[in-house]
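This report refers to the structure that appears directly beneath it.
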Amino acid sequence: MPPALLNSELFLQKCDSLTKIKQLQSHLITHGRFQFYPSITIKLLELCALPPIANLPHATALFHHLHAPSTRHWNAVLRGLAQSVQPTQAVSWYAAMSRSSRRVDALTCSFALKACARALASFEALQIHAQVVRFGFGGDVLLGTTLLDVYAKVGNLVYAQKVFDEMPERDVACWNALVSGLAQGSRSGEALALFWTMTEDERLKPNEVTVLGALSACSQLGALRGGEKIHGYIVDTKLDTHVIVCNAVIDMYAKCGSVDRAYRVFEGMKCGKQLITWNTMIMAFAMHGYGEKALEIFEEMGRNGVCCDAVSYLGALCACNHGGLVEDGVRLFNSMAGRGMVPNVKHYGTVVDLLGRAGRLQEAYEIVKSMPIFPDVVLWQTLLGASKTYGDVNMAEMASRRLVELGSEGCGDYVLLSNVYAAHERWDDVGKVREAMQRRDVKKIPGFGYIEVEGVIHKFLNGDQTHVNSCEIYSKLDEIKFKIKDYGYVAKTDQVFHDIGEEEKENALGYHCEKLAVAFGLISTSEGTPIQVIKNLRICDDCHVVMKLVSKAYNREIIVRDRARFHRFQDGLCSCRDYW
Ligand code: ZN
Ligand code: ZN
């Protein structure tokens, strides 16, 4: 190697900027035919393509100057592209490489698969998988884990499972990938089953990553018993020395309806609390409507010298919102600027919701108008919802127009506007909304609810008749309807379109999934056991009234977690104070 190149090797180690790389390049070009020293050109490419420099246009330009790039040259650029903000380019790069005369190796496939996972490129992942098999890399455990991870991320769980089953050797990492993949892919039940299988196998002891996946599965299902068991496992195996695991346990208890347990874990934490721990606890109290408690934690955080961030503020604002603490919320929102924090669209959304629910529509609208950022769909939906509650037709029309401009295709928006018109008996306008819905082919999101009974999760759709105990459930519902009439129940039918008959409307509402789940809960659990239900959408007015009355008529505590928050019904009242 000529001395100029030897010096270059030393210089390469100190290259930390594009300027230095360019200096080196011109030095190399003037002093020797650097083309013939792959060890140098590979390093140079890696430097350009990977962080901290990560200048991919320069890396590709350099690559195209090479006469006969080797597999390692190709891989260097591929790796950079796979980590870049445009992972799809890595997929194209991989395709170009496959067409070239260079042979791909296991590393090539691994980088390309990682890019597929990031770009959610399901089809390309399948193609690369086929090549992995063809090139004989099928037995590579690392590659297998990467494949598993890709399929889990792109949501192809059938293949994830297949890869997993075919793996000659498995380690905790592949398990973990599958548990979290299943949990993310809404196949939480399977994730939990897999987790318990792992605990029985000495070689596959679940670590902190596995328990995080399993806890997240419980949170999604609202599976309190399952969560308790995992918590027990965590304590036994001393995994609770990880702050991140404790945070997840707090979050799990809160999402499974037991805010008291969440708080006990929070208080008893031996490992130091982090900012995220405090934020999780604030949000937990907020979701359950314990506004004052959430604000106490918020204050305590400051006393403990922990600097709150935008997320803490959001939690505190949500707490005010769910707790009906209007003045506190407005004060908090206004204090953000003083602490050098810029409210984002979520903070705006929450304060607008807060004011809107309190009937202070004009103030809410003023805030929307003053926003330095562009109001999003959720914000206009919030304002539309408040306009419906307070029967403000003008505001409702204005919000709806904005929603259409923003291209919102949500069924709920149309229903809300239609309800505002219906409340004012403007049937012509109601008809127009219906037509617009049909024209735009607006799809209703199907509602569903879960209930856990003796460790088994039961799922109900609206009007579901597929449950094995369907007959008993429906006769229980009839009994409920009859019984709560004595407590003053009148169906709130204004949430259904007006052009179906009153009786039909009552039926449509009568079989909402959460009602089915509660009826099932009443049949299958012993007296006095709290009934806990999870719903994917917001609970409707009618179900809310029914739940309140059932809690009184049957003397049962009922907890419903809907898309936005928890409702705890007891003795005819709800923890949200009808404010949700
Ligand atoms: Zn309902
Ligand atoms: Zn409520």
Side-chain angles (χ1 to χ4, degrees), residues 286-287 289 291 314 316-334 343-371 373-406 408-426 429-430 433 445 492-498 535 537-545 562-567 574-580:
M287 274 198 298
L314 186 63
L317 281 173
C318 284
C320 295
N321 194 12
H322 292 319
L325 308 169
V326 185
E327 292 312 326
D328 284 312
V330 173
R331 181 181 52 80
L332 267 173
F333 180 75
N334 290 332
N344 65 29
V345 77
K346 285 193 177 147
H347 297 98
Y348 277 104
T350 313
V351 78
V352 164
D353 197 20
L354 180 74
L355 289 168
R357 282 167 203 279
R360 289 156 68 167
L361 288 174
Q362 203 50 45
E363 259 174 273
Y365 184 46
E366 291 305 321
I367 288 197
V368 174
K369 282 198 295 191
S370 75
M371 281 171 68
I373 35 179
F374 205 63
D376 66 352
V377 170
V378 180
L379 239 150
W380 292 116
Q381 280 170 338
T382 307
L383 211 53
L384 176 59
S387 314
K388 185 241 152 193
T389 310
Y390 290 94
D392 189 330
V393 185
N394 291 337
M395 192 76 87
E397 283 180 328
M398 191 268 305
S400 303
R401 263 200 310 278
R402 293 298 158 83
L403 280 166
V404 173
E405 280 166 22
L406 286 171
S408 160
E409 298 289 317
C411 161
D413 307 340
Y414 288 95
V415 176
L416 277 178
L417 182 62
S418 157
N419 286 341
V420 180
Y421 285 137
H424 287 75
E425 305 196 340
R426 284 167 59 171
D429 290 319
V430 173
V433 176
I445 303 170
K492 284 200 139 200
T493 49
D494 65 343
Q495 303 228 338
V496 191
F497 279 120
H498 80 105
K535 176 165 190 188
L537 306 174
R538 266 192 189 216
I539 185 169
C540 77
D541 282 350
D542 186 65
C543 287
H544 200 265
V545 172
D562 73 4
R563 199 185 57 190
R565 60 163 296 147
F566 274 92
H567 300 265
C574 180
S575 60
C576 76
R577 298 174 213 138
D578 300 334
Y579 199 90
W580 81 94

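Since we're looking at a predicted model, the values are computed, not measured.
Applying the side chain to side chain contact (heavy atoms under 4.5 Å, CB included) criterion to Met287, with sequence neighbours excluded, gives Ala254, Lys255, Phe566. Ala364 is linked by a side chain to side chain contact (heavy atoms under 4.5 Å, CB included) to Val352, Leu355, Leu383, counting only residues two or more places apart in sequence or in another chain. Under the ring pair (Phe, Tyr, Trp, His ring centres under 6.0 Å) criterion, Tyr365 pairs with no residue, sequence neighbours left out. With sequence neighbours left out, the salt bridge (charged side-chain N to carboxylate O under 4.0 Å, His left out) criterion links Arg426 to Glu397, Asp429. Residues satisfying the side chain to side chain contact (heavy atoms under 4.5 Å, CB included) test with Asn334, not counting sequence neighbours, are Val330.
Annotation: the span from Lys535 atom NZ to Asp562 atom CG amounts to 8.0 Å, rounded to 0.5 Å. In this structure, Glu327 CD and Leu332 CG are separated by 11.5 Å, a value rounded to the nearest 0.5 Å. Here His347 contributes atom NE2 and Ile373 contributes atom CD1; the two are 10.0 Å apart, rounded to the nearest 0.5 Å. Taking CG from Asp353 and NZ from Lys346, the interatomic distance works out to 14.0 Å, rounded to the nearest 0.5 Å. Atom CD of residue Gln381 and atom CZ of residue Arg402 lie 15.0 Å apart, to the nearest 0.5 angstrom. Remark: Ser400 OG to Leu384 CG distance equals 4.5 Å, nearest 0.5 Å.
No side-chain donor-acceptor contact under 3.5 Å links Asp328 to the backbone of Cys320.
Counting heavy atoms from C-beta outward, Leu317 and Leu354 have side chains that stay 4.5 Å or more apart. Using a 4.5 Å heavy-atom cutoff, the side chains of Val368 and Trp380 are in contact. By the 4.5 Å heavy-atom criterion applied to side chains, Tyr348 and Ile367 are counted as neighbours. Contact of the Asn321 side chain with the Arg565 side chain is not registered, since no non-hydrogen atoms from C-beta on lie closer than 4.5 Å.
In this structure, a donor-acceptor pair under 3.5 Å is absent between the side chains of His544 and Asp541.
Summarising the geometry of Val326 relative to Ala358, their closest heavy-atom pair is CG2-CB, 3.8 Å, with the distance given to 0.1 Å.
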